[in-house]
2 protein chains.
Amino acid sequence: MSSDRTRSAILAAAERLYADRGFGDVTLRDIVAEANVNLAAVNYHFGSKDELIAELFVTRSLATNRERLNELKLAEEQGGGRAPIDAILHALVSPTLRGCLGPDREGSTAARFMIRASIESVPPIRRIKNREVDHLRKFIAAMRRSLPGRDDAELYWGLHFALAMSHHTIREKERLTKLSEGQCDLNDVDAIVDRVVSVSVMALTAGEAPAKKAPARSAIPQGRLTRQDL
Amino acid sequence: MSSDRTRSAILAAAERLYADRGFGDVTLRDIVAEANVNLAAVNYHFGSKDELIAELFVTRSLATNRERLNELKLAEEQGGGRAPIDAILHALVSPTLRGCLGPDREGSTAARFMIRASIESVPPIRRIKNREVDHLRKFIAAMRRSLPGRDDAELYWGLHFALAMSHHTIREKERLTKLSEGQCDLNDVDAIVDRVVSVSVMALTAGEAPAKKAPARSAIPQGRLTRQDL
DNA sequence: GATAGTTTCATACAACTGTTTGAATTGCAA
DNA sequence: TTGCAATTCAAACAGTTGTATGAAACTATC
């Protein structure tokens with residue numbers, strides 16, 4: 001049907017414009033001009049501007065989640081239902097990093113859109129992100145199987161830091177390049193994934209002897225001098 | 001002068017409203033109503049809405065940077081010009097985390113404003129953040145003194161990850177609480193600072209022998225240009 | 001080929017936005 | 001007091017925004 005053509009033309013134009021110029025700078029009139037459709041078509045096909053944005057974001061983040069779970073499932077199968085912790089973290093961060101970083105991905109509209117969504121965070125997107133909890137719980141469950149005996153809180157912190165590093169790298173990749181004057185290679189995605197994973201693994205297994213014992217926190221020598229607040 | 005009263009009433013009202021409802025939802029009319037001043041006063045005293053936001057953000061972030069540098073200076077003095085790496089990272093992340101987390105800070109308008117600025121990121125704030133590079137270079141310089149022989153790229157990555165973990169913790173503190181069902185205590189700021197610092201130290205010193213020895217790693221003679229700035 | 005349902009279109013709407021204007025008011029100095 | 005500048009004020013401005021409307025054009029079914 002010609003209705004589908006209009007619908008997808010709007011989606012494509014919106015994603016491209018939002019990716020390039022951000023949510024704050026793009027109006028429905030910009031989108032319909034880019035898509036060569038009538039202004040009313042947006043409300044006809046999507047109901048409202050927010051629902052259009054939501055559909056864009058849901059589509060992309062469902063794809064990412066699917067990738068993550070595929071990789072997790074594969075790792076758990078290979079480990080007999082118990083994947084090594086680095087494989088779990090790899091499954092968590094690799095799809096996002098791979099999707100948003102790298103030299104060729106510069107031209108990927110979808111990737112640039114997701115970066116923009118990570119930087120700007122408008123209400124419809126925030127609402128969706130808040131429902132992501134269930135998805136993350138699956139990774140917590142896998143981590144629990146992989147590191148039995150660990151405090152749950154430790155697992156949450158490890159997952160939290162893994163996401164922190166990968167999201168912050170995506171969001172600030174330009175600033176890190178500028179700060180490091182190009183010495184941090186943001187195009188070598190594999191190296192970045194490895195780096196994020198290995199730091200996350202260290203965070204999760206710090207102070208833990210190879211044997212399983214109770215969690216003894218803070219493996220770092222407390223050599224700091226002034227501990228009092230400012 | 002009564003002009004100062006108007007000016008600061010606007011600043012206070014704007015910070016409170018932005019902190020509570022976000023930049024997207026607050027108009028100049030909301031602000032002047034809250035401040036009990038005339039609408040035109042904003043443009044009279046600040047020139048434009050963006051300049052008002054910029055002034056709010058600059059004030060708060062200058063204060064944070066000052067705190068950071070004070071703590072860094074203290075640590076370097078105590079170490080004879082060479083602070084231990086964990087003290088440097090502590091100086092970097094502690095002021096921000098301490099300012100934005102913790103039980104009592106719930107009521108701090110300034111802290112809530114900075115969290116909001118981290119989540120929403122409007123153009124005037126982004127412009128200011130991009131000038132933060134010089135400030136971060138001072139920490140890179142301190143890290144270079146603390147870990148001589150380390151590749152610069154490693155230092156940049158370490159600093160980047162430290163900021164990633166602290167910013168992401170601030171920005172996502174509600175989601176982490178919800179995900180962990182309260183098992184991650186976001187009120188124990190000291191523990192969080194320690195955690196972020198210790199993971200950052202691990203990231204920076206991984207694969208490096210604990211003993212203090214000359215940089216036996218780099219086979220390449222250090223022909224790299226040494227930083228001159230700062 | 002008439003009909004019913006879907007999709008497109010031009011246009012209007014209603015509300016809200018940041019900013020400007022020019023006259024009133026205030027505060028202070030001479 | 002007078003005069004002058006700084007400040008406040010109500011009002012309007014000029015533009016943009018997302019959304020709604022009702023007629024027109026299309027499409028597929030009978």
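Residue numbers start from 1 in every chain, and the chains themselves are labelled A, B, ... in the order their sequence lines are given, proteins ahead of strands.
- Classified by interplanar angle (parallel below 30°, tilted 30° to 60°, perpendicular above 60°), the ring pair Tyr18(B)/Phe113(B) is tilted.
- One finds no side-chain N or O of Asn38(A) lying less than 4.0 angstrom from the OP1 or OP2 phosphate oxygen of dT7(C).
- Contact check, Thr6(A) against dT8(C): a side-chain N or O comes under 4.0 Å of OP1 or OP2.
- In this structure, CZ of Arg7(B) is placed 14 Å from C1' of dT7(D), rounded to the nearest angstrom.
- Side chains of Arg16(A) and Thr109(A): a donor-acceptor N/O pair is absent below 3.5 angstrom, by distance only.
- The separation between Phe46(A) atom CZ and dA20(D) atom C1' is 18 Å, rounded to whole Å.
- One can place CG of Leu52(B) at 15 Å from P of dT17(C), the figure rounded to the nearest angstrom.
- Between Arg60(B) and Glu55(B), no side-chain nitrogen of the basic residue sits less than 4.0 Å from a carboxylate oxygen of the acidic one, so the salt-bridge criterion is not met.
- Each of Ala40(A) and Asp25(A) was assigned the nucleotide of DNA chain D with the nearest heavy atom; the assignment lying further toward the 5' end belongs to Asp25(A).
- When the C1' atom of dT20(C) is taken as reference, atom NZ of Lys49(B) falls 17 Å away, rounded to whole Å.
- One interatomic measurement links the two molecules: CZ of Arg5(B) to P of dT7(D), which rounds to 14 Å at whole-angstrom precision.
- In this structure, Leu28(B) places its CG atom 15 Å from C1' of dT16(D), rounding to the nearest Å.
- Closest-nucleotide positions on DNA chain C for Val26(B) and Arg29(A) were compared, and the one nearer the 5' end corresponds to Arg29(A).
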Exercise for the section: Report the C-alpha distance between Asp20(A) and Leu17(A) in whole Å, list the side-chain angles of each, state the deciding distance to 0.1 Å, and finish with yes or no for side-chain contact (heavy atoms from CB on, under 4.5 Å). Expected result: CA-CA 5 Å; Asp20(A) 286 341; Leu17(A) 287 178; 5.6 Å; no

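- Contact annotation: His45(A) does not reach the phosphate of dT6(C) (side-chain N/O to OP1 or OP2, under 4.0 Å).
- Both Tyr44(A) and Leu39(A) sit near DNA chain C, but only Tyr44(A) has its closest nucleotide nearer the 5' end.
- As rounded to whole Å, 10 Å separates atom P of dC9(D) from atom CD1 of Ile10(B).
- Residues Thr6(B) and His45(B) have side chains that never bring a donor and an acceptor to within less than 3.5 angstrom of each other.
- Evaluation of atom-type donor-acceptor distances gives no pair under 3.5 Å for the side chain of Asn43(A) against the base of dA20(D).
- Across dT17(D), dT19(C), dT19(D), the shortest atom-to-atom separation from the side chain of Thr27(A) is found for dT17(D).
- When each of Gly47(A) and Asp30(A) is assigned the nucleotide of DNA chain D with its nearest heavy atom, Asp30(A) is the one assigned upstream, toward the 5' end.
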